[in-house]
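Report on the following structure.
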Amino acid sequence: MLQEDVPTSSSKWASDLYQIKDAHAQSSVDPKLLIVSGSNSVFGIDTNTIQDTYALPTTNYGVHAGLGLRYLLERSKRVLNEGDIVYLPLEYALYQQTPQPSSQLMDFVLARDPQYLHSLPPYEKFHGYLNVSFLRIWEGIKGGSNQYQGRSAKFYHVTNIDKAGNQRAESIEQAGKHTDKLAKLPPKNIGNGKLTTYSQEILKEYFEWSQSKNICVIGAPPNLLYHDAYQSDKFQQFFQGIEQFFTSNDIPFAGSPEDYLLPINLFFDTEYHLNAKGIESRTQLTMRDLGPDPKRLCKNQITSLNSNRI
């Protein structure tokens, strides 16, 4: 297809991030900790602190939730090896996915990863093409662009990402405050409050693949801007349903979603993006819930740990 391998400005940030994160993850010869999610981890966790605390190579592999659950998980398989640990603080929308690829994913894979597009089942591929906008098609016809564009480009730029895949704290402070905008944000829309069958199937396949490769998976909550609505029975049951899904599949879940509903003074520009103080707080919370050694949560998943004292 003429659109394939034609770069777009809208896909450049995620593509550049993956290049950095792939290189960092693949540079370790020892078992590593890989943090896989959308951007709540990019703007929420300092993996340098985690690595220093646990003496465990750690890569922030978060990118953009708009790429979808299936892509985020499939992409992580490319850099995972036997004995690795996956920490999975997924954004809540990723638990309610459908098979239809999003317009963001189609933009990205057409421009940067057509091999993944070709691997999709025909039904998903067909509906994915239906989600490609005319403007996206026209950009491809004109030859695309491999340049950052728009007002946010100065901030959402690869130069603001360190070698381990974290957003540099100084770039967040320099970008200004967005408190007024954050205060007006509504609670997340969780529809019927249930995990979709599709998301469950994708996650179960990932759990099975990881087990076959002797890789440990640890579920966890994402950081999210607190809203009173999250105390309602509907949201509480949704949070509990996520925890129960992991534990029912023999996957540990580190932390309570309640603890990761954080106050507005810790956030930067969206309900999932923390400021420098927030990143520090959430990183400490993550290590508290992972405990003195993340490998302790993996004894039932990584074979080599079952016969060794840790």
Side-chain angles (χ1 to χ4, degrees), residues 1-26 36-43 59-79 91 93-94 97-168 171-172 174-175 202 268-270 272-273:
M1 184 177 177
L2 294 176
Q3 299 285 322
E4 292 182 5
D5 287 318
V6 178
T8 57
S9 57
S10 52
S11 64
K12 182 171 176 56
W13 181 72
S15 177
D16 285 353
L17 261 60
Y18 269 128
Q19 289 185 46
I20 287 179
K21 293 164 188 276
D22 286 345
H24 189 268
Q26 293 168 337
V36 179
S37 74
S39 59
N40 92 87
S41 293
V42 184
F43 297 86
T59 300
N60 190 328
Y61 209 68
V63 177
H64 177 29
L67 296 178
L69 178 64
R70 181 173 186 154
Y71 187 81
L72 295 176
L73 298 183
E74 288 296 319
R75 183 69 184 239
S76 73
K77 291 179 182 179
R78 303 179 191 179
V79 298
E91 285 83 355
L94 296 175
Q97 300 266 276
T98 63
Q100 292 83 4
S102 68
S103 58
Q104 297 101 315
L105 175 63
M106 289 301 295
D107 172 40
F108 182 83
V109 295
L110 279 170
R112 312 288 178 170
D113 196 358
Q115 180 181 354
Y116 172 82
L117 179 60
H118 297 317
S119 74
L120 292 177
Y123 172 85
E124 294 186 30
K125 193 184 306 182
F126 172 75
H127 283 276
Y129 281 122
L130 293 180
N131 267 341
V132 181
S133 70
F134 174 78
L135 290 177
R136 170 61 180 80
I137 294 172
W138 182 241
E139 182 177 1
I141 291 174
K142 292 191 298 181
S145 171
N146 200 33
Q147 302 295 320
Y148 287 97
Q149 297 180 12
R151 295 173 59 184
S152 64
K154 184 176 180 180
F155 174 68
Y156 287 90
H157 196 286
V158 70
T159 56
N160 294 323
I161 302 294
D162 70 19
K163 66 179 182 179
N166 307 291
Q167 184 80 12
R168 298 182 189 275
S171 70
I172 299 174
Q174 292 170 2
I202 294 299
F268 168 51
D269 66 337
T270 80
Y272 277 123
H273 293 178

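Residues take their numbers from the sequence shown, with the count starting at 1. Below, each value reflects all heavy atoms present in this structure, side chains not excepted, and no hydrogens, waters or symmetry copies.
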Sub-4.5 Å side-chain heavy-atom contact between [X] and [Y]:
X: Q3; Y: I141; result: yes
X: F155; Y: I172; result: yes
X: D269; Y: Y156; result: yes
X: I161; Y: V42; result: yes
X: Y129; Y: L117; result: yes

What are the two closest non-hydrogen atoms of [X] and [Y], and how far apart are they?
X: N146; Y: P7; answer: OD1-CB, 3.9 Å
X: S102; Y: G66; answer: OG-O, 2.8 Å
X: S41; Y: G62; answer: CB-CA, 4.4 Å
X: A153; Y: Y148; answer: CB-CB, 3.8 Å
X: T59; Y: K21; answer: CG2-O, 3.7 Å
X: R168; Y: T159; answer: NE-O, 3.3 Å

List the residues meeting salt bridge (Lys or Arg N to Asp or Glu O under 4.0 Å) with [X], not counting sequence neighbours, and say none if there are none.
X: D22; value: R75
X: R112; value: none
X: K12; value: D16
X: E124; value: R70

Check whether the ring centres of F43 and H273 lie less than 6.0 Å apart, and answer yes or no. yes
Would you say the side-chain atoms of [X] pair up with the backbone N or O of [Y], donor to acceptor, closer than 3.5 Å?
X: Y71; Y: P101; result: no
X: Q104; Y: A65; result: no
X: N40; Y: Y272; result: no
X: Q97; Y: L69; result: yes
X: N166; Y: N60; result: no

Rounded to the nearest 0.5 Å, what separates atom [atom1] in [X] from atom [atom2] in [Y]?
X: L120; Y: E74; atom1: CG; atom2: CD; value: 9.0 Å
X: L73; Y: S37; atom1: CG; atom2: OG; value: 10.5 Å
X: S119; Y: K125; atom1: OG; atom2: NZ; value: 8.0 Å
X: H64; Y: F108; atom1: NE2; atom2: CZ; value: 10.0 Å

Mind telling me whether H127 and Y123 have parallel, tilted or perpendicular rings, with 30° and 60° as the class edges? tilted
Can you sort out the partners of L135 under side chain to side chain contact (heavy atoms under 4.5 Å, CB included), two or more places apart, ordered by chain and number? S133
Scan side-chain atoms only and decide if S145 and Q147 contain a donor-acceptor pair under the 3.5 Å cut-off. no
Using the side chain to side chain contact (heavy atoms under 4.5 Å, CB included) rule, take S15 and Y18 through it: C-alpha gap first, then chi angles, then the decisive distance, then the call. CA-CA 5 Å; S15 177; Y18 269 128; 5.9 Å; no
Can you tell me if NZ on K163 sees more than 12 non-hydrogen neighbours from other groups inside 6.0 Å? no
Under the salt bridge (charged side-chain N to carboxylate O under 4.0 Å, His left out) rule, what pairs show up with a residue in residues 128-150, not counting sequence neighbours? D107-R136
